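Just so you know, these numbers use all the heavy atoms, side chains as well, and skip hydrogens, waters and symmetry mates. Letters A, B, ... are given to chains in the order of the sequence lines, protein chains preceding strands, and every chain is numbered from 1. Remember, it's a predicted structure, so these values are computed and weren't measured experimentally.
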Amino acid sequence: MPAAYALIDCNNFYASCERVFRPELRGRPVVVLSNNDGCVIARSAEAKELGVGMGTPYFKCRTMLERQGVAVFSSNYALYGDLSARVMRVLGRFCPSVEIYSIDEAFADLSGVPGGAAAFSRRLRATVEAWTGIPVSIGLGPTKTLAKLANRFAKKQPRCRGVFDLAASPDPDRVLRWTDVGEVWGIGPRHAKRLRKLGVRTALDFRELKREWVRRKMTVTGLHTLLELRGLPCLDFASGPPSKKTIVSSRSFGHPVTRLEDLMEATAQYATRAAEKLRRQRSVAGHVLVHLETNRFRLGEPQYNNAAPVPLAVATAHTPDLIRAAQAGLKRIFRDGYAYKKCGVMLSGLESEDGRWLSLLDLPPDAHGRHAPLMRAVDACNSRWGRDTVKFAASGLNGTWRMRRELCSPRYTTAWEELLTVKAG
DNA sequence: TCTGGGGTCCTAGGACCC
DNA sequence: TCTGGGGTCCTAGGACCC
């Protein structure tokens with residue numbers, strides 16, 4: 001039996017999340033903004049119809065959104081992360097195997113499910129929506145790339161009612177002809193532009209190209225896309241999340257920042273977040289990279305961008321060590337007289353906590369090993385009582401650099417004091 | 001005044017090794 | 001006029017994804 005991959009994708013995920021606890025917003029246009037209320041990153045179907053573009057800066061569309069009565073939200077990742085986990089739990093309960101691909105998407109291998117993949121998917125879709133409040137679309141195909149393509153068809157064609165099985169279609173080529181080449185998973189804007197110039201306009205045109213040509217012009221990743229469109233699986237199905245090879249924590253500031261002290265606080269904060277992610281995957285880091293940048297959109301102002309790599313003598317996940325290293329790097333690249341927009345911390349050279357190498361002389365002292373119980377206790381407190389219940393003084397208390405989130409909804413599902421209140425009577 | 005954040009993979013070229 | 005052959009590792013840049 002040929003493999004039946006499903007791609008389950010939440011519809012307009014962040015906008016749908018905002019609606020779960022605000023049912024009066026159903027049928028109304030909803031928009032979610034990026035951090036700092038910078039630009040539009042999610043739109044409900046109604047907002048898309050109004051012509052609100054993905055990635056449009058908020059300050060450019062604000063008036064229009066207000067005039068049209070669009071409900072606008074700052075991004076609320078506490079809410080989205082939690083609702084995502086609920087959706088994934090439902091999928092995990094019913095599907096033989098699930099690969100979580102992103103916050104709002106998962107692949108499932110539905111080969112051999114009783115009653116056929118399409119009927120199974122219809123029930124799954126109804127269950128996810130009933131149990132979580134999140135509407136999903138499901139595409140089915142013999143490879144991941146074709147499942148993606150089928151999913152897009154399911155979303156755009158109302159008569160599919162959210163589920164489309166490419167393998168069961170009487171004319172699968174028609175769907176490929178309907179799909180613009182730039183919409184194919186793995187073909188980005190650069191390649192799409194180049195392909196269109198050569199007259200390759202649809203997924204079907206692309207599928208008919210010679211494999212040698214694709215290999216030469218688009219490397220093996222392009223070749224994989226080609227073969228997947230032909231029904232030959234090239235992309236593995238992974239049931240567990242792979243460990244990250246780099247971990248980044250980086251943010252734009254709420255206001256331009258000029259003082260080193262503020263950058264030091266922000267850097268400590270980002271190093272702390274990165275260290276938390278590092279410990280969650282049970283890894284240690286061998287390198288820290290700090291980067292710093294001014295606002296590239298301000299053409300008249302002096303620009304400065306720099307990054308400092310800081311190798312660690314002993315790989316560690318000990319937050320104070322990572323803060324120290326990051327701040328040392330920051331001091332090296334900081335230049336007075338610029339208005340900074342953003343800084344960030346990247347951890348690389350990651351190894352498993354158990355398999356790590358120790359320095360020959362164990363110098364400096366192996367803080368990670370010695371202090372592991374301390375960091376575990378800090379993580380446990382913050383996990384139980386909420387982020388930053390225990391924090392490092394180096395990241396400060398009320399820095400002006402913190403993000404703006406003026407339109408944030410409550411953390412309905414992850415903070416006791418923000419639970420929804422229902423009045424009866 | 002205001003333009004997100006976090007990842008992966010591939011390739012070419014340089015440094016370095018024997 | 002002439003300057004081997006064969007490797008590995010690292011980094012930067014480009015392309016892609018959500």
Would you classify [X] as touching base, sugar-phosphate or nothing, given that sugar-phosphate means primed atoms plus P, OP1 and OP2, and contacts are heavy atoms under 4.0 Å?
| X | value |
| --- | --- |
| A:Val184 | sugar-phosphate |
| A:Lys217 | nothing |
| A:Asn36 | nothing |
| A:Arg215 | sugar-phosphate |
| A:Ile187 | sugar-phosphate |
| A:Ser75 | nothing |

Side-chain N or O of [X] less than 4.0 angstrom from OP1 or OP2 on [N]?
| X | N | answer |
| --- | --- | --- |
| A:Lys341 | B:dG5 | no |
| A:Lys342 | B:dT3 | no |
| A:Thr219 | B:dC9 | no |

Residue [X], side-chain atoms from C-beta onward, closest of [options]:
| X | options | result |
| --- | --- | --- |
| A:Arg251 | B:dG4, B:dG6, C:dC17 | B:dG6 |
| A:Lys245 | C:dC18, B:dT3, B:dT8 | B:dT8 |
| A:Pro57 | C:dC18, B:dT3, B:dG7 | B:dT3 |
| A:Arg190 | B:dG7, C:dC16, B:dG4 | C:dC16 |
| A:Ile247 | B:dT3, B:dG4, B:dG7 | B:dG7 |
| A:Thr246 | B:dG4, B:dT8, B:dT11 | B:dT8 |
| A:Val248 | B:dG7, B:dT11, C:dC18 | B:dG7 |
| A:Trp185 | B:dG4, B:dG6, C:dC18 | C:dC18 |
| A:Phe297 | B:dT11, B:dT3, B:dG5 | B:dT3 |

Query raised in the report: With no hydrogens and no angle check, is any side-chain donor or acceptor of A:Asn306 less than 3.5 Å from a backbone partner on A:Leu292?
Result: no

Calculate the interatomic distance between [X] atom [atom1] and [N] atom [atom2]; express it in whole Å.
| X | N | atom1 | atom2 | answer |
| --- | --- | --- | --- | --- |
| A:His191 | B:dT11 | NE2 | C1' | 12 Å |
| A:Ile41 | B:dG4 | CD1 | P | 10 Å |
| A:Leu347 | B:dG6 | CG | P | 11 Å |
| A:Asp37 | B:dT1 | CG | P | 17 Å |
| A:Tyr101 | B:dG6 | OH | C1' | 12 Å |
| A:His255 | B:dT1 | NE2 | C1' | 9 Å |
| A:Met88 | C:dC18 | CE | P | 13 Å |
| A:Leu235 | B:dC10 | CG | P | 11 Å |

Parallel, tilted or perpendicular for [X] and [Y], by the 30°/60° rule?
| X | Y | answer |
| --- | --- | --- |
| A:Trp401 | A:Tyr270 | perpendicular |
| A:Phe164 | A:Phe153 | tilted |
| A:Tyr77 | A:Tyr80 | perpendicular |

Query raised in the report: Is DNA chain C part of any stem, that is, at least 3 consecutive Watson-Crick or G-U pairs with both distances under 3.5 Å, and where?
Result: B:5-18 with C:5-18

Report task. Report the residue (A:Ser243 or A:Arg296) whose heavy-atom-nearest nucleotide on DNA chain B is the more 5′ of the two. Result -> A:Arg296

**Report entry** 5'-most by nearest nucleotide on DNA chain B - A:Ser34 or A:His224
**Finding:** A:Ser34

Query raised in the report: Which residue, A:Thr132, A:Ile134, A:Val136, forms the side-chain contact (heavy atoms from CB on, under 4.5 Å) with A:Val90?
Result: A:Thr132

Indicate every side-chain donor-acceptor pair of residues 323-333 of chain A with a distance under 3.5 Å to a residue at least two apart or in another chain.
from: A:Arg324; atom 1: NH2; to: A:Asp321; atom 2: OD1; distance (Å): 2.9
from: A:Gln327; atom 1: NE2; to: A:Met264; atom 2: O; distance (Å): 3.0
from: A:Arg332; atom 1: NH2; to: A:Pro309; atom 2: O; distance (Å): 2.9

Query raised in the report: Do A:Ser395 and A:Glu265 have a side chain donor and acceptor closer than 3.5 Å?
Result: no

Report task. Verify whether one side chain among A:Asp82 and A:Thr414 offers a donor that lies under 3.5 Å from an acceptor in the other. Result -> no

Query raised in the report: Is the charged tip of A:Lys144 near the ring of A:Phe107: under 6.0 Å from the six-membered ring centre and within 45° of its axis?
Result: yes

Report task. For C:dG4 versus B:dC17, give the span between their C1' atoms, rounded off to a whole number of Å. Result -> 15 Å

